[in-house]
Amino acid sequence: MQVKPFGGNYLVRLERGEAVIESLKKFADRYRIGFAEVRAIGTLDSVTLGYYDAEAKTYSNDTFDEPLEVLNLKGNIARGEDGQRIVHTHVTVSRPDYTTMGGHLVEGVVGPTLEVVVESAPITIRRHHDPDTGLELWDLQALETFSV
């Protein structure tokens with residue numbers, strides 16, 4: 001992983017073989033990210049996608065071990081109830097035949113590169129378990145602000 005800070009934001013280049021979510025969590029820990037928006041393009045050698053079933057309140061996951069082009073990866077970094085950083089992203093990927101698929105990015109293994117832009121904010125947003133949906137949702141009542 002290579003990181004270049006600029007004005008409170010970051011350019012992050014993940015390299016072949018790195019796990020996307022795991023690497024972004026390490027990055028967020030190292031740079032003490034309380035909240036940030038994440039977007040990326042690049043390639044993956046494999047991906048595990050999730051789909052949330054709102055009625056069952058559970059994710060179903062499928063892994064695709066094949067080269068994929070990342071057309072769009074968007075999400076955010078926040079903190080969980082336990083203080084750990086949570087990287088929540090969705091991704092759209094393309095196969096060599098130009099068909100696409102997408103969903104919640106459970107994890108992916110970087111191909112030649114993944115170029116990530118991280119726009120941080122001088123706040124901390126925490127996620128709390130919502131029993132009605134079964135999801136870890138933003139708790140905007142507990143928003144923490146600080147000045148840089």
Side-chain angles (χ1 to χ4, degrees), residues 1-54 57-65 67-94 100-148:
M1 174 188 329
Q2 295 183 30
V3 178
K4 182 69 173 180
F6 69 99
N9 299 313
Y10 304 87
L11 299 177
V12 181
R13 191 178 92 194
L14 299 183
E15 298 175 355
R16 184 179 290 282
E18 290 188 89
V20 176
I21 300 299
E22 178 185 319
S23 294
L24 290 176
K25 282 182 184 177
K26 287 179 183 174
F27 156 80
D29 285 341
R30 184 178 312 144
Y31 288 90
R32 302 177 60 194
I33 302 294
F35 178 77
E37 180 182 354
V38 176
R39 63 184 184 274
I41 58 172
T43 59
L44 299 174
D45 284 337
S46 70
V47 68
T48 300
L49 299 175
Y51 176 82
Y52 188 71
D53 182 332
K57 296 182 182 177
T58 186
Y59 279 94
S60 60
N61 298 336
D62 282 308
T63 299
F64 302 90
D65 289 316
L68 299 160
E69 186 85 14
V70 176
L71 305 177
N72 186 35
L73 182 150
K74 290 187 70 86
N76 58 67
I77 300 169
R79 300 194 66 170
E81 291 178 286
D82 60 0
Q84 296 296 311
R85 284 169 177 86
I86 296 173
V87 177
H88 180 203
T89 61
H90 291 194
V91 66
T92 305
V93 294
S94 174
T100 59
M101 58 187 162
H104 174 81
L105 178 60
V106 177
E107 189 54 275
V109 176
V110 176
T113 190
L114 189 71
E115 299 168 340
V116 185
V117 177
V118 179
E119 293 187 30
S120 65
I123 59 174
T124 294
I125 294 179
R126 296 192 184 271
R127 290 182 174 275
H128 293 284
H129 180 75
D130 176 51
D132 293 334
T133 64
L135 295 169
E136 303 298 315
L137 302 178
W138 287 351
D139 182 357
L140 297 179
Q141 301 303 316
L143 187 75
E144 301 167 30
T145 61
F146 59 93
S147 21
V148 179

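Quantities reported herein were computed from a predicted structural model and do not represent experimental measurements.
- Looking at heavy atoms from C-beta onward, Ser120 lies in side-chain contact with Asn9 at the 4.5 angstrom threshold.
- For the pair Glu144/Arg79, no side-chain contact is recorded, criterion being any heavy-atom separation below 4.5 Å from C-beta on.
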Task: Worked check of side chain to side chain contact (heavy atoms under 4.5 Å, CB included) between Arg30 and Met1 - done: CA-CA 12 Å; Arg30 184 178 312 144; Met1 174 188 329; 4.3 Å; yes
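- A pairwise comparison of heavy atoms in Ser46 and Asp65 identifies CB-OD1, 3.1 Å as the closest pair.
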Task: Intermediate values then yes/no, side chain to side chain contact (heavy atoms under 4.5 Å, CB included), Gln84 and Lys25 - done: CA-CA 9 Å; Gln84 296 296 311; Lys25 282 182 184 177; over 6 Å; no
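- Rounding to the nearest 0.5 Å places CZ of Phe27 at 6.0 Å from CD1 of Ile77.
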Task: Test side chain to side chain contact (heavy atoms under 4.5 Å, CB included) applied to Lys4 and Arg13, step by step - done: CA-CA 9 Å; Lys4 182 69 173 180; Arg13 191 178 92 194; over 6 Å; no
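- Atom-to-atom distance recorded for Arg85:CZ and Leu24:CG is 12.5 Å, nearest 0.5 angstrom.
- Between the OG1 atom in Thr100 and the CG atom in Asn72 there is a gap of 11.5 Å [rounded to 0.5 Å].
- For the pair Glu107 (side chain) and Glu22 (backbone), a donor-acceptor distance under 3.5 Å is present.
- Checked against ring pair (Phe, Tyr, Trp, His ring centres under 6.0 Å), Phe35 has the following partners two or more places apart in sequence or in another chain: Trp138.
- Between the OG1 atom in Thr43 and the CG atom in Leu68 there is a gap of 9.0 Å [rounded to 0.5 Å].
- Within a 6.0 Å sphere centred on OH of Tyr51, heavy atoms belonging to other residues, nucleotides or ligands number 12 at most.
- For the side-chain contact (heavy atoms from CB on, under 4.5 Å) test, residues two or more places apart in sequence or in another chain that qualify with Asp45 are Arg16.
- Side-chain contact between Glu18 and Leu114 is absent, with no heavy-atom pair separated by less than 4.5 Å.
- Distance alone, capped at 3.5 Å, is enough to place a donor-acceptor pair between the Lys57 side chain and the Asp132 backbone.
- Side-chain contact between Val106 and Ile21 is absent, with no heavy-atom pair separated by less than 4.5 Å.
- No option in Val3, Val38, Ile41 other than Val38 meets the side-chain contact (heavy atoms from CB on, under 4.5 Å) test with Val116.
- To the nearest 0.5 Å, the span separating CG on Leu44 from CG on Leu73 amounts to 8.0 Å.
- Contact check for Thr89 versus Val20: no side-chain heavy atoms found under the 4.5 Å cut-off.
- Looking at Asn76, its side chain never comes within 3.5 Å of a backbone N or O of Ala36 through a donor-acceptor pair.
- Contact of the Leu11 side chain with the Val117 side chain is registered, since non-hydrogen atoms from C-beta on lie closer than 4.5 Å.
- The shortest distance between side-chain heavy atoms of Val93 and Met101 falls below 4.5 Å.
- Note: Asp53 CG to Thr58 OG1 = 7.5 Å, rounded to the nearest 0.5 Å.
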- [ ] Evaluate side chain to side chain contact (heavy atoms under 4.5 Å, CB included) for Leu49 paired with Asp62, printing each intermediate quantity in order.
- [x] CA-CA 6 Å; Leu49 299 175; Asp62 282 308; 5.7 Å; no
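- Under the 4.5 Å side-chain criterion, counting only non-hydrogen atoms from C-beta, Glu136 is not in contact with His88.
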